[in-house]
Amino acid sequence: MSLISQARLIDLQKHADDRGHLVVVESNCGIPFDIKRLFYIYGTKPTAVRGQHANRKSEFLLVALSGSCSVKIDDGMHEEVFVLDNPGVGLYIPKMLWKEMFDFSPDCVLLSISNELYDSEEYIRDYESYREIMATSSL
Ligand code: TYD
């Protein structure tokens, strides 16, 4: 399977009753990794673009807990855009895909869940370097 086709929307485990909704995310249960870290962004300016990097080790599940945003993923040759606007659906992004988040609604709270602790050394932040790495990689 190509790297970019491994990125996919995942229907999360939902429990709804007359009180409302509860969504569960567990390590290796519906998502393909062990959870080590989560972080979230909010109050993002509608014109802001976040991300703009690839990670050598980190995989992610992104969930728009409220509001909406768009996520572009790119393998250096092909790109795909996903709209996240449902707190019951997550976008899985494997390591080594370039990603950009944009078109944030004012109420967007975007949760990121990852298999790795933060390590600035594993980031590739220059797009041309990323393309060169991907052109010579066997991924
Ligand atoms: P940044 O990588 O620019 O965020 P995004 O990918 O959403 O555009 O990170 C912003 C700042 O937060 C930067 O100083 C690094 C820091 N940071 C951490 O300390 N730990 C983390 O887990 C993350 C994701 C970022």
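Below, each value reflects all heavy atoms present in this structure, side chains not excepted, and no hydrogens, waters or symmetry copies. We count residues from 1, following the sequence as given. Atoms within a ligand are numbered from 1 in the order they appear, just like the ligands themselves.
- The distance criterion of under 3.5 Å between nitrogen or oxygen atoms is met by Arg37 with respect to ligand 1.
- The contact set between ligand 1 and Gly51, taken as ligand atoms under 4.0 Å from a residue heavy atom, comprises 5 (P), 6 (O), 8 (O).
- The atoms of ligand 1 that sit less than 4.0 Å from any heavy atom of Arg50 are 4 (O), 5 (P), 7 (O), 8 (O), 10 (C).
- Taking the six-membered ring where the residue is Trp, Tyr123 and His53 present perpendicular rings, their angle passing 60° and hence far from 30°.
- Across Leu12 and Val24, no two heavy atoms sit closer than the pair CB-O, 4.4 Å.
- Counting protein heavy atoms under 4.0 angstrom from atom 11 (C) of ligand 1 gives zero.
- Ion pairing between a basic and an acidic side chain is recognised when a charged N comes within 4.0 Å of a carboxylate O; Glu122 and Lys57 show no such pairing.
- Checking Arg8, Glu59, Gln6 one by one against Tyr92, the side-chain hydrogen bond (donor to acceptor under 3.5 Å, both in side chains) holds for a single residue, Glu59.
- Atom NZ of Lys95 is surrounded by 12 or fewer heavy atoms from other residues, nucleotides or ligands within 6.0 Å.
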### Query
side-chain hydrogen bond (donor to acceptor under 3.5 Å, both in side chains) between His78 and Glu80: does it pass, once the steps are laid out?
CA-CA 7 Å; His78 315 96; Glu80 200 172 340; over 6 Å; no
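- Of the protein's heavy atoms, at least one falls inside 4.0 Å of atom 5 (P) of ligand 1.
- Under the 4.0 angstrom criterion, atom 14 (O) of ligand 1 counts as lacking any protein heavy-atom contact.
- Ligand 1 has no N or O atom lying under 3.5 Å from any N or O atom of Ile41, backbone or side chain.
- Distance alone, capped at 3.5 Å, is enough to place a donor-acceptor pair between the Asp75 side chain and the Met77 backbone.
- Contact annotation: Arg125 has at least one heavy atom less than 4.0 Å from an atom of ligand 1.
- The heavy atom nearest to atom 17 (N) of ligand 1, considering only Phe60, Tyr123, Tyr118, Tyr40, is found in Tyr118.
- No heavy atom of Gln52 sits closer than 4.0 Å to any atom of ligand 1.
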